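Bear in mind that the values here come from a model prediction, so they are computed numbers and not experimental data. Throughout, a chain's letter reflects where its sequence line sits, starting with A, and its residues are numbered from 1.
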Amino acid sequence: MSKESDRDLVESAKSGNAEAFGTLVRRYQRRVYRLALHLLRNAAEAEDVTQEAFVRAYGALGRFDGRSEPFTWIYRITVNLALNAIRSRKTARHAGTPDDPRIEATLVERRPGFADPARQTTDREMATALCAGIDSLSETLRTTLTLVAIDGMSHAEAGEVLGCPEGTVAWRVHEARKKLKEFLANRGHMVGSENEQ
Amino acid sequence: MSGSKRMPRLPKEAESLLDRWPAPEKGALEWETMAAATMERIRSGQSAPVGMDVLAAPLPPEPHEEQLEVAPLRDLTTSLEALELSQSVHAELREGHEATARSVAPHARTHHERFRGILWAGAIAAAAAGLALYVVVRSHAGSATPASSADLGLSPLPSSPVVEPATRVEVVVPSSGQADGLDFHVSGPIQKNERLVLEAQPSAVSPVPAPVPGKPSPGKLQAAVPSAPDAGVQAGPGRAPGTPGGVDRTDSLDHIPAP
(Lines give C-alpha, C1' and ligand atoms only; values in the text may rest on other atoms or scores of the structure.)
Protein backbone atom coordinates (compact mmCIF):
# COMPACT_ATOMS: atom_id res chain seq x y z
CA MET A 1 0.00 0.00 0.00
CA SER A 2 1.59 3.27 -1.12
CA LYS A 3 1.86 6.17 1.28
CA GLU A 4 -0.52 8.96 0.41
CA SER A 5 1.00 12.37 -0.07
CA ASP A 6 0.16 15.26 2.19
CA ARG A 7 -1.66 17.01 -0.62
CA ASP A 8 -3.76 13.94 -1.34
CA LEU A 9 -4.71 13.72 2.32
CA VAL A 10 -5.67 17.37 2.38
CA GLU A 11 -7.83 17.00 -0.73
CA SER A 12 -9.45 13.97 0.78
CA ALA A 13 -10.10 15.79 4.04
CA LYS A 14 -11.56 18.74 2.15
CA SER A 15 -14.08 16.41 0.63
CA GLY A 16 -15.20 15.32 4.09
CA ASN A 17 -12.89 12.42 4.91
CA ALA A 18 -11.85 13.27 8.47
CA GLU A 19 -9.76 10.09 8.75
CA ALA A 20 -7.51 11.36 6.01
CA PHE A 21 -6.79 14.37 8.17
CA GLY A 22 -6.17 11.96 11.09
CA THR A 23 -3.34 10.48 9.08
CA LEU A 24 -1.83 13.94 8.74
CA VAL A 25 -2.18 14.46 12.49
CA ARG A 26 -0.31 11.26 13.28
CA ARG A 27 2.30 12.02 10.69
CA TYR A 28 3.20 15.47 11.99
CA GLN A 29 2.12 15.75 15.62
CA ARG A 30 5.58 14.87 16.98
CA ARG A 31 7.28 17.57 15.00
CA VAL A 32 4.57 20.08 15.76
CA TYR A 33 4.76 19.24 19.44
CA ARG A 34 8.53 19.59 19.49
CA LEU A 35 8.30 22.96 17.78
CA ALA A 36 5.67 24.12 20.26
CA LEU A 37 7.77 22.82 23.14
CA HIS A 38 10.84 24.78 22.04
CA LEU A 39 8.81 27.92 21.56
CA LEU A 40 6.74 27.64 24.73
CA ARG A 41 9.20 25.84 27.05
CA ASN A 42 6.27 24.16 28.73
CA ALA A 43 5.08 20.63 28.01
CA ALA A 44 1.42 21.11 28.91
CA GLU A 45 1.12 24.28 26.88
CA ALA A 46 2.88 22.58 24.01
CA GLU A 47 0.34 19.75 24.02
CA ASP A 48 -2.54 22.21 24.02
CA VAL A 49 -1.08 24.22 21.19
CA THR A 50 -0.36 21.09 19.17
CA GLN A 51 -3.93 19.91 19.45
CA GLU A 52 -5.32 23.36 18.78
CA ALA A 53 -3.14 23.77 15.71
CA PHE A 54 -4.57 20.68 14.04
CA VAL A 55 -8.12 21.58 14.99
CA ARG A 56 -7.70 25.09 13.52
CA ALA A 57 -6.04 23.71 10.43
CA TYR A 58 -8.95 21.40 9.83
CA GLY A 59 -11.36 24.27 10.29
CA ALA A 60 -9.47 26.35 7.74
CA LEU A 61 -8.91 23.65 5.15
CA GLY A 62 -11.15 25.52 2.72
CA ARG A 63 -8.67 28.40 2.77
CA PHE A 64 -5.66 26.27 2.04
CA ASP A 65 -4.85 27.17 -1.55
CA GLY A 66 -2.11 24.62 -2.10
CA ARG A 67 0.63 27.16 -2.83
CA SER A 68 2.64 25.82 0.09
CA GLU A 69 3.10 22.37 1.53
CA PRO A 70 0.41 21.32 4.03
CA PHE A 71 2.94 20.77 6.80
CA THR A 72 4.40 24.28 6.43
CA TRP A 73 0.89 25.61 6.59
CA ILE A 74 0.24 23.67 9.81
CA TYR A 75 3.59 24.90 11.15
CA ARG A 76 2.58 28.48 10.53
CA ILE A 77 -0.61 27.98 12.50
CA THR A 78 1.41 26.37 15.29
CA VAL A 79 3.87 29.28 15.44
CA ASN A 80 1.03 31.79 15.58
CA LEU A 81 -0.76 29.92 18.34
CA ALA A 82 2.45 29.49 20.34
CA LEU A 83 3.32 33.16 20.06
CA ASN A 84 -0.21 34.11 21.06
CA ALA A 85 0.11 31.86 24.10
CA ILE A 86 3.43 33.42 25.05
CA ARG A 87 2.02 36.93 24.70
CA SER A 88 -1.01 36.12 26.78
CA ARG A 89 1.04 34.80 29.68
CA LYS A 90 0.73 36.70 32.91
CA THR A 91 4.41 36.31 33.74
CA ALA A 92 7.46 35.75 31.65
CA ARG A 93 8.96 32.31 31.77
CA HIS A 94 12.64 32.32 32.68
CA ALA A 95 15.01 30.12 30.79
CA GLY A 96 17.08 27.42 32.34
CA THR A 97 14.67 26.48 35.10
CA PRO A 98 15.02 22.92 36.36
CA ASP A 99 11.74 21.85 34.77
CA ASP A 100 12.63 23.20 31.34
CA PRO A 101 11.42 20.34 29.10
CA ARG A 102 14.07 21.13 26.47
CA ILE A 103 16.85 20.41 28.95
CA GLU A 104 15.12 17.33 30.29
CA ALA A 105 14.89 15.98 26.78
CA THR A 106 18.65 16.18 26.39
CA LEU A 107 19.25 14.33 29.65
CA VAL A 108 17.18 11.26 28.92
CA GLU A 109 18.73 10.63 25.57
CA ARG A 110 20.59 7.36 25.23
CA ARG A 111 23.98 8.08 23.79
CA PRO A 112 27.24 6.18 24.09
CA GLY A 113 28.98 7.41 27.18
CA PHE A 114 25.88 9.18 28.39
CA ALA A 115 25.95 7.28 31.69
CA ASP A 116 29.20 9.05 32.55
CA PRO A 117 28.28 11.49 35.38
CA ALA A 118 30.94 14.00 34.34
CA ARG A 119 29.62 13.93 30.80
CA GLN A 120 26.08 14.37 32.04
CA THR A 121 27.09 17.42 34.03
CA THR A 122 28.85 18.92 31.04
CA ASP A 123 25.88 18.23 28.78
CA ARG A 124 23.47 19.73 31.23
CA GLU A 125 25.58 22.85 31.60
CA MET A 126 25.80 23.25 27.88
CA ALA A 127 22.08 22.61 27.37
CA THR A 128 21.22 25.12 30.06
CA ALA A 129 23.50 27.75 28.61
CA LEU A 130 22.25 27.09 25.10
CA CYS A 131 18.60 27.35 26.16
CA ALA A 132 19.33 30.57 28.02
CA GLY A 133 21.07 31.92 24.94
CA ILE A 134 18.18 31.00 22.67
CA ASP A 135 15.71 32.57 25.05
CA SER A 136 17.71 35.78 25.09
CA LEU A 137 17.09 36.20 21.37
CA SER A 138 14.25 38.22 19.98
CA GLU A 139 11.02 36.41 19.18
CA THR A 140 11.77 36.56 15.47
CA LEU A 141 15.33 35.27 15.70
CA ARG A 142 14.43 32.60 18.23
CA THR A 143 11.57 31.24 16.16
CA THR A 144 13.59 31.24 12.95
CA LEU A 145 16.53 29.51 14.63
CA THR A 146 14.21 26.91 16.13
CA LEU A 147 12.68 26.12 12.76
CA VAL A 148 15.98 25.87 10.91
CA ALA A 149 18.55 24.67 13.42
CA ILE A 150 16.47 22.53 15.72
CA ASP A 151 13.64 21.33 13.53
CA GLY A 152 15.91 20.99 10.49
CA MET A 153 13.77 22.91 8.03
CA SER A 154 15.35 24.30 4.91
CA HIS A 155 15.48 28.07 4.50
CA ALA A 156 12.81 27.82 1.82
CA GLU A 157 10.50 25.85 4.09
CA ALA A 158 11.10 28.20 6.99
CA GLY A 159 10.43 31.08 4.63
CA GLU A 160 7.06 29.57 3.77
CA VAL A 161 6.19 29.18 7.43
CA LEU A 162 7.27 32.69 8.35
CA GLY A 163 6.12 34.37 5.16
CA CYS A 164 9.48 35.85 4.27
CA PRO A 165 12.16 35.23 1.61
CA GLU A 166 14.86 32.63 2.02
CA GLY A 167 17.47 35.36 2.25
CA THR A 168 15.72 36.82 5.23
CA VAL A 169 15.67 33.43 6.90
CA ALA A 170 19.38 33.02 6.24
CA TRP A 171 20.09 36.48 7.63
CA ARG A 172 18.04 35.76 10.74
CA VAL A 173 19.79 32.44 11.35
CA HIS A 174 23.15 34.14 10.90
CA GLU A 175 22.22 36.87 13.34
CA ALA A 176 20.84 34.37 15.83
CA ARG A 177 23.99 32.27 15.72
CA LYS A 178 26.19 35.31 16.05
CA LYS A 179 24.34 36.48 19.14
CA LEU A 180 24.27 32.96 20.51
CA LYS A 181 28.01 32.62 20.06
CA GLU A 182 28.58 35.86 21.94
CA PHE A 183 26.22 34.77 24.68
CA LEU A 184 27.99 31.44 25.12
CA ALA A 185 31.42 33.05 25.00
CA ASN A 186 30.42 35.38 27.81
CA ARG A 187 29.56 32.28 29.79
CA GLY A 188 32.91 30.66 29.12
CA HIS A 189 31.82 28.42 26.26
CA MET A 190 34.21 29.30 23.49
CA VAL A 191 34.57 27.79 20.08
CA GLY A 192 37.28 25.16 19.43
CA SER A 193 40.76 26.18 20.48
CA GLU A 194 39.50 29.40 21.99
CA ASN A 195 39.12 27.49 25.22
CA GLU A 196 38.10 23.86 24.88
CA GLN A 197 38.44 23.35 28.59
CA MET B 1 21.52 23.06 8.65
CA SER B 2 23.68 24.58 11.29
CA GLY B 3 26.95 23.69 9.69
CA SER B 4 27.15 26.29 6.96
CA LYS B 5 30.71 27.57 6.59
CA ARG B 6 29.62 31.18 6.56
CA MET B 7 27.54 30.82 9.69
CA PRO B 8 29.16 31.66 13.02
CA ARG B 9 30.31 28.46 14.65
CA LEU B 10 29.22 27.55 18.12
CA PRO B 11 31.09 25.28 20.52
CA LYS B 12 31.09 21.67 19.40
CA GLU B 13 28.65 20.48 22.06
CA ALA B 14 26.25 23.30 21.25
CA GLU B 15 26.40 22.50 17.53
CA SER B 16 25.71 18.89 18.32
CA LEU B 17 22.70 19.81 20.42
CA LEU B 18 21.30 22.16 17.82
CA ASP B 19 21.76 19.65 15.03
CA ARG B 20 19.77 16.95 16.74
CA TRP B 21 17.98 18.21 19.76
CA PRO B 22 16.40 15.12 21.24
CA ALA B 23 12.69 14.74 20.64
CA PRO B 24 10.49 14.78 23.72
CA GLU B 25 10.07 11.39 25.26
CA LYS B 26 6.58 10.01 24.73
CA GLY B 27 5.52 6.46 24.22
CA ALA B 28 3.56 5.32 21.19
CA LEU B 29 0.44 5.05 23.31
CA GLU B 30 0.80 8.62 24.46
CA TRP B 31 1.13 9.84 20.91
CA GLU B 32 -1.86 7.84 19.83
CA THR B 33 -3.91 9.13 22.74
CA MET B 34 -2.97 12.65 21.80
CA ALA B 35 -3.93 12.12 18.15
CA ALA B 36 -7.22 10.53 19.16
CA ALA B 37 -8.07 13.49 21.36
CA THR B 38 -7.37 15.85 18.50
CA MET B 39 -9.56 13.91 16.10
CA GLU B 40 -12.34 13.75 18.69
CA ARG B 41 -12.39 17.53 18.87
CA ILE B 42 -12.45 17.75 15.09
CA ARG B 43 -15.32 15.32 14.74
CA SER B 44 -17.31 17.03 17.45
CA GLY B 45 -16.85 20.35 15.72
CA GLN B 46 -15.20 21.93 18.80
CA SER B 47 -13.23 24.40 16.85
CA ALA B 48 -12.86 28.08 17.44
CA PRO B 49 -13.28 30.27 14.37
CA VAL B 50 -10.04 30.53 12.46
CA GLY B 51 -9.06 34.16 12.15
CA MET B 52 -6.42 35.62 9.90
CA ASP B 53 -4.22 36.17 12.94
CA VAL B 54 -3.61 32.42 12.93
CA LEU B 55 -3.03 32.07 9.21
CA ALA B 56 -0.99 35.20 8.56
CA ALA B 57 2.77 35.48 8.57
CA PRO B 58 3.58 35.29 12.23
CA LEU B 59 6.54 37.50 13.02
CA PRO B 60 7.57 41.12 12.65
CA PRO B 61 10.78 41.80 10.76
CA GLU B 62 13.97 42.42 12.64
CA PRO B 63 15.60 45.85 12.56
CA HIS B 64 17.63 46.31 9.33
CA GLU B 65 15.90 43.32 7.78
CA GLU B 66 13.97 45.42 5.28
CA GLN B 67 17.07 47.17 4.03
CA LEU B 68 18.72 43.82 3.57
CA GLU B 69 16.02 42.66 1.21
CA VAL B 70 15.27 45.86 -0.65
CA ALA B 71 18.67 47.43 -0.94
CA PRO B 72 21.45 45.12 0.10
CA LEU B 73 24.15 47.52 -1.09
CA ARG B 74 22.81 50.39 0.97
CA ASP B 75 22.69 48.11 3.96
CA LEU B 76 26.21 47.03 3.26
CA THR B 77 27.44 50.60 3.27
CA THR B 78 25.99 51.14 6.70
CA SER B 79 27.39 47.99 8.17
CA LEU B 80 30.56 47.81 10.13
CA GLU B 81 32.18 45.59 7.54
CA ALA B 82 31.49 48.15 4.87
CA LEU B 83 32.91 50.92 7.01
CA GLU B 84 36.07 48.93 7.56
CA LEU B 85 36.24 48.15 3.87
CA SER B 86 35.86 51.83 3.03
CA GLN B 87 38.61 52.81 5.46
CA SER B 88 40.84 50.13 4.07
CA VAL B 89 40.31 51.34 0.51
CA HIS B 90 41.00 54.93 1.51
CA ALA B 91 44.19 53.88 3.25
CA GLU B 92 45.27 51.95 0.17
CA LEU B 93 44.58 54.94 -2.04
CA ARG B 94 46.44 57.24 0.30
CA GLU B 95 49.41 54.92 0.31
CA GLY B 96 49.26 54.65 -3.45
CA HIS B 97 49.27 58.41 -3.82
CA GLU B 98 52.20 58.79 -1.50
CA ALA B 99 54.13 56.06 -3.24
CA THR B 100 53.41 57.61 -6.59
CA ALA B 101 54.46 61.01 -5.34
CA ARG B 102 57.67 59.53 -3.94
CA SER B 103 58.52 57.85 -7.21
CA VAL B 104 57.52 60.75 -9.41
CA ALA B 105 59.04 63.55 -7.36
CA PRO B 106 62.67 63.10 -8.53
CA HIS B 107 61.58 63.00 -12.15
CA ALA B 108 59.36 65.97 -11.59
CA ARG B 109 62.24 67.89 -10.10
CA THR B 110 64.46 66.99 -13.01
CA HIS B 111 61.86 68.07 -15.51
CA HIS B 112 61.18 71.21 -13.55
CA GLU B 113 64.82 72.21 -13.55
CA ARG B 114 65.12 71.43 -17.23
CA PHE B 115 62.02 73.45 -17.96
CA ARG B 116 63.32 76.37 -15.96
CA GLY B 117 66.50 76.29 -17.97
CA ILE B 118 64.53 76.29 -21.19
CA LEU B 119 62.44 79.18 -20.00
CA TRP B 120 65.51 81.13 -19.12
CA ALA B 121 66.99 80.49 -22.52
CA GLY B 122 63.69 81.39 -24.14
CA ALA B 123 63.52 84.61 -22.24
CA ILE B 124 67.02 85.47 -23.30
CA ALA B 125 66.12 84.70 -26.87
CA ALA B 126 62.98 86.81 -26.63
CA ALA B 127 64.91 89.71 -25.24
CA ALA B 128 67.44 89.38 -27.99
CA ALA B 129 64.66 89.21 -30.52
CA GLY B 130 63.16 92.39 -29.14
CA LEU B 131 66.45 94.13 -29.39
CA ALA B 132 66.97 92.85 -32.87
CA LEU B 133 63.53 94.07 -33.85
CA TYR B 134 64.42 97.43 -32.50
CA VAL B 135 67.55 97.42 -34.57
CA VAL B 136 65.63 96.41 -37.68
CA VAL B 137 63.12 99.17 -37.20
CA ARG B 138 65.85 101.66 -36.65
CA SER B 139 67.73 100.50 -39.71
CA HIS B 140 64.54 100.68 -41.78
CA ALA B 141 64.28 104.24 -40.71
CA GLY B 142 67.81 104.68 -41.93
CA SER B 143 69.11 105.94 -38.68
CA ALA B 144 70.24 102.80 -37.05
CA THR B 145 73.61 101.28 -36.97
CA PRO B 146 73.75 97.55 -36.89
CA ALA B 147 74.99 96.38 -33.63
CA SER B 148 75.38 93.15 -31.88
CA SER B 149 73.23 92.30 -28.92
CA ALA B 150 76.24 92.46 -26.70
CA ASP B 151 76.87 95.92 -27.88
CA LEU B 152 73.37 96.86 -26.91
CA GLY B 153 74.02 95.89 -23.32
CA LEU B 154 71.91 92.81 -23.01
CA SER B 155 71.44 92.18 -19.36
CA PRO B 156 70.28 89.17 -17.38
CA LEU B 157 66.58 88.57 -17.67
CA PRO B 158 63.98 89.04 -15.02
CA SER B 159 63.31 86.26 -12.59
CA SER B 160 59.88 85.53 -14.02
CA PRO B 161 60.62 84.68 -17.59
CA VAL B 162 57.36 84.51 -19.49
CA VAL B 163 57.52 84.46 -23.25
CA GLU B 164 54.27 85.93 -24.29
CA PRO B 165 54.43 88.01 -27.41
CA ALA B 166 51.11 89.68 -27.89
CA THR B 167 51.24 89.45 -31.62
CA ARG B 168 53.29 87.83 -34.26
CA VAL B 169 56.83 89.04 -34.10
CA GLU B 170 59.34 88.48 -36.74
CA VAL B 171 62.76 88.23 -35.38
CA VAL B 172 65.83 88.95 -37.30
CA VAL B 173 69.06 88.57 -35.50
CA PRO B 174 71.93 89.62 -37.59
CA SER B 175 74.48 87.92 -35.47
CA SER B 176 75.08 85.97 -32.39
CA GLY B 177 75.55 87.58 -29.07
CA GLN B 178 76.20 86.83 -25.47
CA ALA B 179 73.96 87.08 -22.52
CA ASP B 180 74.59 85.93 -19.00
CA GLY B 181 77.59 83.96 -20.08
CA LEU B 182 75.77 82.23 -22.90
CA ASP B 183 76.28 82.60 -26.58
CA PHE B 184 73.07 82.86 -28.42
CA HIS B 185 71.73 82.90 -31.87
CA VAL B 186 68.12 83.58 -32.61
CA SER B 187 66.25 82.87 -35.74
CA GLY B 188 62.68 82.55 -36.83
CA PRO B 189 59.38 84.24 -36.10
CA ILE B 190 57.89 83.85 -32.68
CA GLN B 191 54.18 83.68 -32.25
CA LYS B 192 52.08 83.80 -29.19
CA ASN B 193 51.60 80.44 -27.53
CA GLU B 194 53.80 78.68 -30.00
CA ARG B 195 56.20 76.08 -28.86
CA LEU B 196 59.65 77.47 -28.44
CA VAL B 197 62.46 75.04 -28.97
CA LEU B 198 65.69 76.13 -27.49
CA GLU B 199 69.05 74.71 -26.85
CA ALA B 200 71.54 76.41 -24.65
CA GLN B 201 75.13 75.69 -23.86
CA PRO B 202 77.37 77.74 -21.63
CA SER B 203 80.22 79.57 -23.25
CA ALA B 204 83.38 77.54 -23.23
CA VAL B 205 85.65 80.50 -23.28
CA SER B 206 85.03 83.97 -22.15
CA PRO B 207 85.00 86.49 -23.56
CA VAL B 208 83.28 85.41 -26.70
CA PRO B 209 84.90 86.63 -29.85
CA ALA B 210 83.07 89.37 -31.53
CA PRO B 211 80.73 88.11 -34.14
CA VAL B 212 81.72 88.54 -37.68
CA PRO B 213 79.06 90.14 -39.81
CA GLY B 214 77.77 87.74 -42.44
CA LYS B 215 79.33 84.75 -40.77
CA PRO B 216 77.51 83.92 -37.66
CA SER B 217 79.31 82.10 -34.96
CA PRO B 218 78.21 78.54 -34.25
CA GLY B 219 74.86 78.80 -32.61
CA LYS B 220 75.03 78.13 -28.96
CA LEU B 221 71.65 79.47 -28.18
CA GLN B 222 69.13 78.97 -30.86
CA ALA B 223 65.45 79.45 -31.14
CA ALA B 224 62.99 78.31 -33.69
CA VAL B 225 59.30 77.82 -34.22
CA PRO B 226 59.16 74.65 -36.21
CA SER B 227 55.42 74.47 -36.31
CA ALA B 228 55.04 77.85 -37.86
CA PRO B 229 54.32 77.57 -41.54
CA ASP B 230 56.68 80.32 -42.24
CA ALA B 231 59.35 79.20 -39.90
CA GLY B 232 62.59 80.88 -40.61
CA VAL B 233 63.50 84.42 -40.90
CA GLN B 234 62.14 86.77 -43.39
CA ALA B 235 64.48 89.13 -44.94
CA GLY B 236 64.04 92.73 -44.52
CA PRO B 237 63.64 94.67 -47.68
CA GLY B 238 66.83 95.40 -49.51
CA ARG B 239 68.95 93.19 -47.34
CA ALA B 240 70.94 90.31 -48.57
CA PRO B 241 71.60 87.19 -46.61
CA GLY B 242 74.59 87.39 -44.46
CA THR B 243 74.56 91.08 -44.26
CA PRO B 244 74.07 92.93 -41.04
CA GLY B 245 70.43 93.22 -40.23
CA GLY B 246 69.62 90.73 -42.92
CA VAL B 247 68.71 87.09 -43.03
CA ASP B 248 70.75 84.07 -42.30
CA ARG B 249 68.78 80.96 -43.19
CA THR B 250 71.49 78.72 -41.89
CA ASP B 251 70.19 79.65 -38.50
CA SER B 252 67.04 77.70 -39.03
CA LEU B 253 66.72 75.12 -36.30
CA ASP B 254 64.59 72.66 -38.18
CA HIS B 255 67.28 70.08 -37.72
CA ILE B 256 67.38 70.30 -33.97
CA PRO B 257 65.47 67.49 -32.41
CA ALA B 258 62.81 68.36 -29.95
CA PRO B 259 63.77 67.71 -26.33
Colleague: Check each atom of A:Val55 against the heavy atoms of chain B and say whether the ones under 4.5 Å are side chain, backbone, both or neither.
Modeller: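 Looking at A:Val55, backbone and side chain both touch chain B.
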Colleague: Which pair of non-hydrogen atoms, one from A:Gly163 and one from B:Ala57, has the smallest distance, and what is that distance?
Modeller: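 Smallest interatomic distance, heavy atoms only, reads CA-CB, 4.0 Å.
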Colleague: Measuring heavy-atom distances to chain B, does A:Ile77 have an atom under 4.5 Å in its side chain, in its backbone, in both, or in neither?
Modeller: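 Looking at A:Ile77, backbone and side chain both touch chain B.
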Colleague: Considering only heavy atoms, which portion of A:Phe54 lies under 4.5 Å from any heavy atom of chain B: side chain, backbone, both, or neither?
Modeller: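 Interface part for A:Phe54: both.
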Colleague: List the atom of A:Trp171, the atom of B:Pro63, and the distance in Å for their closest heavy-atom pair.
Modeller: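 Closest approach of A:Trp171 to B:Pro63, heavy atoms only: CH2-O, 3.5 Å.
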Colleague: For A:Ile134, is it the side chain, the backbone, both or neither that has a heavy atom under 4.5 Å from a heavy atom of chain B?
Modeller: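 A:Ile134 touches chain B through side-chain heavy atoms alone.
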Colleague: Sorted by first residue and then second, give each side-chain hydrogen bond (donor to acceptor under 3.5 Å, both in side chains) pair with at least one member in residues 29-40 of chain B; sequence neighbours left out.
Modeller: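 Listed once each, the pairs are A:Arg26-B:Glu32.
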Colleague: If you compare all heavy atoms of A:Arg177 against all heavy atoms of B:Arg9, which two are closest, and at what distance to 0.1 Å?
Modeller: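 In this case the closest contact between A:Arg177 and B:Arg9 is NH2-CA, 4.5 Å.
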Colleague: Whether the side chain of A:Thr140 engages the backbone of B:Pro61 through a donor-acceptor N/O pair (distance < 3.5 Å, no angle test) should be reported.
Modeller: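 Here the side-chain-to-backbone pair does not exist.
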Colleague: The criterion is side-chain contact (heavy atoms from CB on, under 4.5 Å); which residues satisfy it with B:Asp53, sequence neighbours excluded?
Modeller: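 Partners of B:Asp53 under the side-chain contact (heavy atoms from CB on, under 4.5 Å) test: A:Asn84.
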Colleague: So for A:Ile150, is it side chain, backbone, both, or neither that comes closer than 4.5 Å to the heavy atoms of chain B?
Modeller: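 The answer is both parts of A:Ile150.
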Colleague: Select all residues of residues 27-36 of chain A having any heavy atom within less than 4.5 Å of some heavy atom of chain B, and report them by number, or 'none'.
Modeller: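 The list, in residue order, reads A:Gln29, A:Arg30, A:Tyr33, A:Arg34.
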Colleague: Side chain from CB out, backbone as N, CA, C, O: work out which of these in A:Leu37 comes under 4.5 Å of a heavy atom of chain B, or both, or neither.
Modeller: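 Looking at A:Leu37, just its side chain touches chain B.
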Colleague: Between A:Glu139, A:Glu19, A:Arg172, A:Arg76, who has the most heavy-atom pairs with chain B when the cutoff is under 4.5 Å?
Modeller: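 Top count of heavy-atom pairs under 4.5 Å with chain B: A:Arg76.
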Colleague: Looking only at heavy atoms, what is the nearest atom pair of B:Pro58 and A:Val161, with distance?
Modeller: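 Of all heavy-atom pairs spanning B:Pro58 and A:Val161, the closest is CD-O, 3.5 Å.
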Colleague: Where on A:Leu180 is there a heavy atom nearer than 4.5 Å to chain B: the side chain, the backbone, both, or neither?
Modeller: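 For A:Leu180, the contact with chain B is made by backbone and side chain together.
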Colleague: Of all of B:Ala56, B:Ala37, B:Gly45, which one pairs up most often with chain A through heavy atoms under 4.5 Å apart?
Modeller: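 Option with the greatest count: B:Ala56.
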Colleague: Nearest 0.5 Å, please: how far is OG1 in A:Thr143 from CG in B:Leu59?
Modeller: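 Reported to 0.5 Å precision, the distance equals 4.5 Å.
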Colleague: For A:Ala53, which atoms come within 4.5 Å of any heavy atom of chain B: side chain, backbone, both, or neither?
Modeller: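 Looking at A:Ala53, nothing touches chain B.
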Colleague: Which members of residues 59-72 of chain A, sorted by number, sit under 4.5 angstrom from chain B on a heavy-atom basis?
Modeller: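 Residues A:Gly59, A:Ala60, A:Arg63 are the ones that qualify, each having a heavy atom under 4.5 Å from chain B.
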Colleague: Does B:Val50 offer a backbone N or O that forms a donor-acceptor pair with the side chain of A:Arg56 under 3.5 Å?
Modeller: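 Not a single qualifying donor-acceptor pair exists.
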Colleague: At a 4.5 Å cut-off on heavy atoms, which part of B:Met39 comes close to chain A: side chain, backbone, both, or neither?
Modeller: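 Contact with chain A involves the side chain of B:Met39 alone.
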Colleague: Compare all side-chain heavy atoms of A:Asp151 with those of B:Trp21 and state whether any distance is below 4.5 angstrom.
Modeller: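 They are not in side-chain contact.
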Colleague: Quick one: pull up OG1 in A:Thr50 and CE in B:Met34 and give me the separation to the nearest 0.5 Å.
Modeller: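 One finds 4.0 Å between OG1 of A:Thr50 and CE of B:Met34.
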Colleague: A:Leu141, A:Leu81, A:Val79: which one forms the most heavy-atom pairs within less than 4.5 Å of chain B?
Modeller: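 Answer, by heavy-atom pair count under 4.5 Å with chain B: A:Leu141.
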Colleague: Using every non-hydrogen atom in the two residues, find where B:Ala14 and A:Leu184 come nearest and quote the distance to one decimal.
Modeller: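 So the minimum-distance heavy-atom pair works out to CB-CD1, 4.0 Å.
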Colleague: A:Glu175 versus chain B, heavy atoms under 4.5 Å apart: side chain, backbone, both or neither?
Modeller: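 Neither; nothing under 4.5 Å.
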Colleague: So which heavy atom on B:Met7 is nearest to which on A:Ala170, and how close?
Modeller: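 Heavy-atom minimum between the residues: CE-O, 3.6 Å.
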Colleague: Side chain, backbone, both or neither: which part of A:Glu47 has a heavy atom under 4.5 Å from chain B?
Modeller: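 Both the backbone and the side chain of A:Glu47 come within 4.5 Å of chain B.
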